[in-house]
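Counting convention: from 1, in listed order, for ligands and their atoms alike.
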Amino acid sequence: MAYFNNSNRRNHDSHSLAFFFFLLVLVLCFRVGEGRAPFACDPKNGFTRTLKFCRTNVPIHARVQDLIGRLTLQEKIRLIVNNAIAVPRLGIQGYEWWSEALHGVSNVGPGTKFGGAFPGATAFPQVITTAASFNESLWQEVGRVVSDEARAMYNGGMAGLTFWSPNVNIFRDPRWGRGQETPGEDPVLAGKYAARYVQGLQGDGAGNRLKVAACCKHYTAYDLDNWNGIDRFHFNAKVSKQDLADTYDVPFKACVVEGKVASVMCSYNQVNGKPTCADPDLLRNTIRGQWGLNGYIVSDCDSVGVMYDDQHYTRTPEEAAADTIKAGLDLDCGPFLAIHTESAIRNGLLTENDVNLALANLITVQMRLGMYNGEPSAQPYGNLGPKDVCTPAHQQLALEAARQGIVLLQNKGNALPLSPARHRTVAVIGPNSDVTVTMIGNYAGVACGYTTPLQGIARYVKTIRQVGCGDVGCRSNQLFGAAEVAARQADATVLVVGLDQSIEAEFRDRVGLLLPGLQQELVSRVARAARGPVVLVIMSGGPVDVSFAKNDPKISAILWAGYPGQAGGTAIADVLFGTINPGGKLPMTWYPQEYLAKVPMTNMDLRANPARGYPGRTYRFYKGPVVFPFGYGLSYSRFTHSLAEAPKQVSVSLASLQAMTNTSTITSNAVKMSHINCNALQLGLHVDVKNEGTMDGTHTLLVFSTPPAGKWSATKQLVSFHKIHLPAGSKQRVKVDVHVCKHLSVVDKFGIRRIPMGEHEIHIGDNLKHSFSLQVPEQIKF
Ligand SMILES: *[C@@H]1O[C@H](CO)[C@@H](O)[C@H](O)[C@H]1NC(C)=O
Ligand SMILES: *[C@@H]1O[C@H](CO)[C@@H](O)[C@H](O)[C@H]1NC(C)=O
């Protein structure tokens, strides 16, 4: 025993000595300027400084080829995985590709750590909440701030420069645990969000440079994690060409084409029997070929391994390596390609040149990030450091995003806003009433700090707090009595209920849409006991069926706060007391619980199939009862719309004479988009919006279109949205941006975009409708 004790002590001592030196190195690093040594091409290294790939006056493609020419096959293969090796003989350090920044710099990936000079970063609301603002400039601004903080952390040696965000999969099924990470169910909304957030992250793009490299994920038709015994590693999503082209692919296309994203991630699932990461049609032909990705394609983490180990898609691991690289995959998140690529080449399944092509895409992105330009501190963004993280301005933007994203769902008898003069004591009740990390959802980091709902409300009035249930699971009604007493004593009652990551998360899809456990009973009992008005605040990513509350005469108002981020409590209180006039709109349909019984989560069809009792999905195709519809959201003001100017007829011209005579151009009264002269084909639509209320407010104009009656089954599609600020009593004319090709086209069964000729209808709000006819020139006959 004594021997062991001694040895342990010796061991321990030598450890602490090593730890001391480690600390010394750490301290020295932080003392020297911004901390990080150059990734490559250190100006102090006389040898590498002279190499062509280090010379910044040489075009990037030539630098990339020069570097690839110097690498051995074994080195190359160890560079196409997230944990890329160092190549010391060329002065290149190791690099961890995996960092995340979904709504703030996150430490979910191994590339980013908090601590030291960077204890936290601004934690913005979860994406579903920010999406509800329908404010494009906000999305870009959030991206800009997140990338300032990300660059600062890179400069300080705490983060990478390649961030695998945003998640732009369509929120197809309300049960999906990751729906919270997405901008919602509508492809146009998701596409705009993707493009703007990516532009914010990646910077101005001057000279092709990147501030950080964003990544749109998970391509494609991935929106099932773990439901009814089926998980994402084994799921084969059966998707029609029509749904793929007019729904699932739309945000990814916008991300690549408009956002110019530097990366796309393929998903775990199969699409129509093929793993997405091994499908050349999806990767090489669509993302790179048709959309022109300037960047790299990365697998989801271990998804190459999954296709071999779990899906048994290939006979050998070498085939899996070869299939993915040949399909267009450039980087493996995971070790699989590092292990099996060399033997795949030896077996003749792949060539070294295939690996070179992948590597070129990766190194090009690193060069655009400036990683081969020497000292990080001497480069654009090199001045960003700890002083640029969690700044008052950044934290103010997190508050602003939460304020803009909160949705007012019900306000009977104008119970809200509460008045601190009349409601001097407010009971604050419920499992989410004093939460912190719940407010930032998943793929978050360490926040700068939090204001909980209770703290936010306490800034306005005296509060009496009762938790009601210990957690959102709410298994016991033991604390209900005390909550009832609190509500009875107070002038108003605010219940903050809902979900958290124990209910909806990655690899955790929900089984139902109701409030979990006994929460519903808590709400009803407290409402019955309450003396003053009762307000229900729901914190959740996915929709919750709160029909019981909607129909309860004792519950006056309902707010949806999503996961509102680090400043969520302030934003909620600001809305409750009228400092802020709410203007958020739901980015997804709130279905009733009964909906689930008719819709297996595995059915990918968007369109309804009445013959089979399948009701369809999302507001575009589902016409059944809802709790609250897509786009719903009230204000303390009332806004009205009237048409100021609109065409009755729009003519499209065909791109060529040949197209006019080609019978395949026009079928079923719809012209192939590829044959139309799309340039500047805008609808000149102007709408007057008036704030009829007594409070200044923001209003989002949601513009929907309905194509001519026919076999095009989308009966309603969002084509445009505009957010405006209107002082009380004022009126503003809005030019609505509707592009004929982009917005009025439909997709046929073969996945081909066509523009239906005939009467189209535009609708805005509940009662503004306008029809106009789209026509091709006279000489064309159908
Ligand atoms: C008509 O269009 C189709 C599809 O775009 C094309 O393949 C075909 O060659 C065209 N035919 C003529 C006669 O131009
Ligand atoms: C959109 O967000 C930006 C950034 O927060 C803000 O300045 C602007 O006022 C918002 N637009 C409207 C109409 O509220």
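- The pair Asp246-Arg620 counts as a salt bridge, with a side-chain nitrogen and a carboxylate oxygen less than 4.0 angstrom apart.
- Residue, atom and distance of the protein heavy atom nearest to atom 14 (O) of ligand 2 are Thr698 CG2, 3.4 Å.
- Within the 4.0 Å heavy-atom cutoff, Glu136 does not count among the residues contacting ligand 2.
- For the pairing with Phe134, the ring pair (Phe, Tyr, Trp, His ring centres under 6.0 Å) check across Tyr193, Phe721, Trp139 returns one residue only, Phe721.
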Item to check | Pair Thr570-Arg459, side chain to side chain donor-acceptor pair (under 3.5 Å): steps then yes or no | outcome: CA-CA 9 Å; Thr570 309; Arg459 288 184 186 162; 3.3 Å; yes
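- In terms of protein heavy-atom proximity, atom 8 (C) of ligand 2 is nearest to Asn135 ND2, 3.8 Å.
- The ligand atoms of ligand 2 that sit less than 4.0 angstrom from a heavy atom of Ile724 are 13 (C).
- Per-residue contacts place His725 under 4.0 angstrom from the following atoms of ligand 2 (heavy atoms of the residue considered): 13 (C).
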Item to check | Asp204 vs Lys211, salt bridge (Lys or Arg N to Asp or Glu O under 4.0 Å): CA-CA, chis, key distance, verdict | outcome: CA-CA 8 Å; Asp204 59 15; Lys211 186 178 180 187; over 6 Å; no
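- Using the six-membered ring where Trp is involved, Phe772 and His770 have ring planes that are parallel, under 30° apart on the 30 and 60° scheme.
- For an aromatic pair to be called close, the ring centres must be under 6.0 Å apart, and Tyr619 with Phe704 satisfies this.
- Proximity to Glu400 (heavy-atom distance under 4.0 Å) selects the following atoms of ligand 2: 5 (O).
- By heavy-atom distance, the residue among Lys723, Glu141, Gln404, His722 lying nearest atom 5 (O) of ligand 2 is Gln404.
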